[in-house]
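Just below is one structure, and these are the notes that go with it.
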Amino acid sequence: MPKVTPFRSIRPVPELAGRIAALPYDVYNREEALIEVQKEPLSFLKIDRAETQFPAGTDMYAPEVYAKAREILDNMILDGSFIMEDMPCYYIYELTMDGRSQTGIAACSSVEDYQNNLIKKHENTREEKELDRIRHVDVTNAHTGPVFLAYRSCQEINEIVNTAKLQPLLYDFVSADGVSHRVWRISDASVISRLEALFAQIPCTYIADGHHRCASAVSVGQKRRAEAADFTGREEYNRFLSVLFPDDQLRIMPYNRVVKDLNGLSPESFIEAVRKAGFSVECKRKEQVAPAKKGTFGMYLAGNWYLLTAGEALRSAHPVAGLDVSILQDYLLSPILNIEDPRTDGRIDFVGGIRGLDELERRVAHDMEIAFSMYATSIEELLSVADAGLLMPPKSTWFEPKLRSGLFIHRLS
């Protein structure tokens with residue numbers, strides 16, 4: 001059963017938490033990360049994306065970039081921006097966005113559980129992204145961004161969380177994107193013991209977001225284990241930073257697609273090919289299409305929006321083949337647009353649902369020819385895929401709100 005344990009966190013002093021906390025490193029491109037760090041010099045992005053501390057053109061994967069991340073983290077501990085907890089604790093982390101809240105437990109999860117599939121994944125990782133975080137974790141000697149995990153809701157854990165939220169707050173701030181962040185600490189030994197026992201009764205946990213962070217933490221743990229002269233299994237590198245949420249509180253947004261060209265087709269011949277593939281096509285002209293049910297898709301092409309509906313022959317009860325992202329890939333993107341592998345094909349890009357449909361129109365006007373708006377994958381679909389030991393197509397889920405990095409740091413030694 002999963003080991004979900006308390007840890008001695010390195011964390012910001014309360015008065016700086018709102019300034020230090022930052023969105024995950026992979027939400028930003030290089031230019032966006034630099035702008036954020038210039039706006040807020042204390043932003044944790046200067047550690048997670050330390051290339052922001054170097055001149056433009058510096059290789060973001062150069063050894064000196066990772067060394068700078070370690071230097072900044074060490075200096076912020078020395079100058080008192082961060083403090084280390086004097087005992088292992090759990091933390092309750094509540095995020096509220098647009099009036100909707102979800103509450104998780106910040107803790108450490110087990111490298112061994114990941115290896116034994118007690119922590120289930122639903123998508124593959126990309127090697128180059130994984131290598132970046134491996135270097136970052138290894139050089140900084142720290143897990144700086146939490147892995148977003150889910151578990152099937154447990155009433156007694158919910159009751160413990162609700163009781164903890166009656167205690168004094170550790171952090172309470174609203175980030176620049178309007179998301180409220182509140183944190184409480186659980187330090188009572190009896191409550192810690194009960195929580196640990198309750199998690200040990202849960203069959204498994206699931207990676208919701210952060211597959212690369214998780215795989216990287218596991219790789220560093222394996223590396224440290226191989227290098228250890230007196231390995232005991234109790235070393236901190238055998239655990240990694242996570243925040244665990246009950247499944248019934250989570251919200252998945254769509255992950256939309258944009259494509260550079262029509263694979264040599266005219267708009268008219270492309271639409272005809274889509275119909276022949278088994279989709280009905282309804283022109284909505286300038287009316288934006290946000291799909292309202294499974295099996296439907298919005299399409300923006302040549303200044304008009306269309307509603308696509310997958311015919312029954314395209315649908316499936318299979319956990320992966322029945323996903324909307326699979327239907328679009330298998331019956332439209334691959335056979336019509338010749339996008340065989342969306343992980344590596346430079347003609348396709350992915351746009352998180354948080355950016356809205358205006359962003360799809362902007363991309364088509366700027367650097368793409370066609371866009372597709374998706375109906376969001378459900379948390380039930382995600383768990384079903386993971387339980388079956390299968391993998392979703394890339395970019396199937398976009399979780400909001402995003403966990404902040406920098407609120408909790410776990411040192412490997």
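No experiment lies behind these values; they were computed from the predicted model shown. Scope of the values below: all heavy atoms of this structure, side chains included, with no hydrogens, waters or symmetry mates.
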Using residues 170-180 as the side-chain source, report each donor-acceptor pair under 3.5 Å to any protein atom, sequence neighbours left out, with the distance given to one decimal.
unit_1: Tyr171; atom_1: OH; unit_2: Arg11; atom_2: NH1; d: 3.3
unit_1: Tyr171; atom_1: OH; unit_2: Pro12; atom_2: O; d: 2.5
unit_1: Ser175; atom_1: OG; unit_2: Asp177; atom_2: OD1; d: 2.5
unit_1: Ser175; atom_1: OG; unit_2: Val179; atom_2: O; d: 3.1
unit_1: Ser175; atom_1: OG; unit_2: His181; atom_2: NE2; d: 3.0
unit_1: Ser175; atom_1: OG; unit_2: Arg404; atom_2: NH2; d: 3.1
unit_1: Asp177; atom_1: OD1; unit_2: Val179; atom_2: N; d: 3.4
unit_1: Asp177; atom_1: OD1; unit_2: Arg404; atom_2: NH2; d: 2.8
unit_1: Asp177; atom_1: OD2; unit_2: Arg404; atom_2: NH2; d: 2.5

Problem set entry | Minimum heavy-atom distance between Ile252 and Leu382, given as atom pair plus value | CD1-CD1, 4.4 Å
For this session: Output yes when a side-chain donor or acceptor of Arg182 lies under 3.5 Å from a complementary backbone atom of Lys165, and no otherwise.
Result: no
For this session: Look at the side chain of Ser384 and the backbone N and O of Glu380, then say whether any donor-acceptor pair between them is shorter than 3.5 Å.
Result: yes
Exercise. Do side-chain atoms of Lys46 reach the backbone of Thr52 as a donor and acceptor pair under 3.5 angstrom?
Worked result: no
Exercise. Below 4.5 Å, heavy atoms only, C-beta onward: do Ser216 and Glu130 meet side chain to side chain?
Worked result: yes
Exercise. Where do Phe44 and Leu407 land on the side chain to side chain contact (heavy atoms under 4.5 Å, CB included) test, with the steps shown first?
Worked result: CA-CA 9 Å; Phe44 199 75; Leu407 288 180; over 6 Å; no
Exercise. Do Tyr25 and Arg213 have side chains that get closer than 4.5 Å, going by heavy atoms?
Worked result: yes
Problem set entry | Heavy-atom closest pair, residues Ile10 and Arg411 | CD1-CG, 3.4 Å
Exercise. Any salt bridge between Glu36 and Arg49, counting N to O under 4.0 Å?
Worked result: no
Exercise. Is the shortest heavy-atom distance from the side chain of Val111 to the side chain of Phe240 under 4.5 Å?
Worked result: yes
Exercise. So does Glu235 pair up with Arg225, basic N to acidic O under 4.0 Å?
Worked result: no
For this session: Answer yes or no: is there a donor N or O on one side and an acceptor on the other, between the side chain of Ser242 and the main chain of Leu244, under 3.5 Å?
Result: no
Exercise. If we only count heavy atoms from C-beta on, is the Val65 to Asp59 side-chain gap below 4.5 Å?
Worked result: no
For this session: Please name all residues satisfying side chain to side chain contact (heavy atoms under 4.5 Å, CB included) with Pro246, sequence neighbours left out, ordered by chain then number.
Result: Tyr151, Ser153, Asn158, Asp248, Gln249
Exercise. Does Arg224 come within less than 4.0 Å of Glu227, counting only side-chain N to carboxylate O?
Worked result: no
For this session: Mind running salt bridge (charged side-chain N to carboxylate O under 4.0 Å, His left out) on Glu156 and Arg194 for me, showing each step along the way?
Result: CA-CA 10 Å; Glu156 190 171 348; Arg194 184 57 185 155; 2.8 Å; yes
For this session: Please report the closest heavy-atom contact between Ser413 and Glu236, naming both atoms and the distance.
Result: N-CB, 4.4 Å
Exercise. Does His212 have any ring pair (Phe, Tyr, Trp, His ring centres under 6.0 Å) partners at least two apart in sequence or in another chain, and if so, which?
Worked result: none
Side-chain atoms of residues 321-333: list all donor-acceptor pairs with protein atoms under 3.5 Å, sequence neighbours left out, distances to 0.1 Å.
unit_1: Asp324; atom_1: OD1; unit_2: Gly295; atom_2: N; d: 3.1
unit_1: Asp324; atom_1: OD2; unit_2: Gly295; atom_2: N; d: 3.0
unit_1: Ser326; atom_1: OG; unit_2: Val320; atom_2: O; d: 2.7
unit_1: Gln329; atom_1: NE2; unit_2: Ile339; atom_2: O; d: 2.7

For this session: Can you see which heavy atom on Glu359 is nearest to which on Val351, and at what distance?
Result: CG-CG1, 3.7 Å
Problem set entry | Polar side-chain atom of Arg347 near backbone of Leu337 as donor-acceptor pair, under 3.5 Å | yes
Exercise. Would a 4.5 Å heavy-atom cut-off, applied to side chains only, mark Tyr91 and Phe7 as touching?
Worked result: yes
Problem set entry | Test item: Gln53 side-chain N/O and Ala50 main-chain N/O as donor-acceptor pair under 3.5 Å | no
For this session: Salt-bridge test for Glu282 and Lys284: reply yes if a basic N is under 4.0 Å from a carboxylate O, no otherwise.
Result: yes
Problem set entry | Asp367 and Arg363 ion-paired at < 4.0 Å | yes
Exercise. In Å, rounded to the nearest 0.5 Å, how long is the span from CG of Asp358 to CZ of Arg362?
Worked result: 10.5 Å
Problem set entry | Check: Asp132 side chain, Tyr61 main-chain N or O, donor-acceptor pair, under 3.5 Å | no
For this session: List the steps and the verdict of ring pair (Phe, Tyr, Trp, His ring centres under 6.0 Å) for Phe408 and Tyr90.
Result: CA-CA 11 Å; Phe408 318 103; Tyr90 288 111; over 10 Å; no
Exercise. Which is it for Arg257 and Ile348 under the side chain to side chain contact (heavy atoms under 4.5 Å, CB included) test, yes or no, and what are the steps along the way?
Worked result: CA-CA 7 Å; Arg257 277 92 167 112; Ile348 189 170; 3.9 Å; yes
For this session: Carefully, step by step, assess Arg133 and Asp26 under the rule salt bridge (charged side-chain N to carboxylate O under 4.0 Å, His left out).
Result: CA-CA 10 Å; Arg133 287 301 102 176; Asp26 52 356; over 6 Å; no
Exercise. Under a 4.5 Å cut-off applied to non-hydrogen side-chain atoms, are Val147 and Ile119 in contact?
Worked result: no
In a table with atom names and distances, give each donor-acceptor pair under 3.5 Å that connects a side chain of residues 299-311 to protein atoms at least two apart or in another chain.
unit_1: Trp305; atom_1: NE1; unit_2: Glu361; atom_2: OE2; d: 2.8

For this session: Please tell me if the side chains of Cys108 and Thr5 come closer than 4.5 Å, counting only heavy atoms from C-beta onward.
Result: yes
For this session: Check Tyr28 against Ala33 and note the closest heavy-atom contact, atom names and distance.
Result: CB-N, 3.8 Å
Exercise. Is there a side-chain contact between Thr397 and His122, using heavy atoms and a 4.5 Å cut-off?
Worked result: yes
Exercise. Between Ile134 and Val220, what is the shortest heavy-atom contact and its length?
Worked result: O-CG2, 3.5 Å
For this session: List in chain and number order the residues that pass side chain to side chain contact (heavy atoms under 4.5 Å, CB included) with Ser81, two or more places apart in sequence or in another chain; answer none if no residue qualifies.
Result: Leu16, Ile20, Met76, Asp79
Problem set entry | Expected output: side-chain Asn75 to main-chain Glu71 donor-acceptor under 3.5 Å | yes
For this session: Can you measure from CG (Asp138) to OG (Ser219) and round to the nearest 0.5 angstrom?
Result: 10.5 Å
Seminar exercise, completed: When Met253, Met374, Arg251 are each screened for side chain to side chain contact (heavy atoms under 4.5 Å, CB included) with Trp398, the one that passes is Met253
Exercise. Going through the checks in order, is the side chain to side chain contact (heavy atoms under 4.5 Å, CB included) test met by Leu412 and His143?
Worked result: CA-CA 7 Å; Leu412 277 66; His143 300 129; 3.6 Å; yes
For this session: Start with the C-alpha distance between Asn238 and Glu112, add both sets of side-chain angles, then the distance that settles side chain to side chain contact (heavy atoms under 4.5 Å, CB included), and finish with yes or no.
Result: CA-CA 7 Å; Asn238 292 295; Glu112 189 175 50; over 6 Å; no
Exercise. In terms of heavy-atom contacts, does CZ of Arg30 have more than 12 from other residues, nucleotides or ligands at under 6.0 Å?
Worked result: yes
Problem set entry | Identified ring-ring contact (aromatic ring centres under 6.0 Å, His included) counterpart of Phe245 within the set Phe148, Tyr206, Tyr93 | Phe148
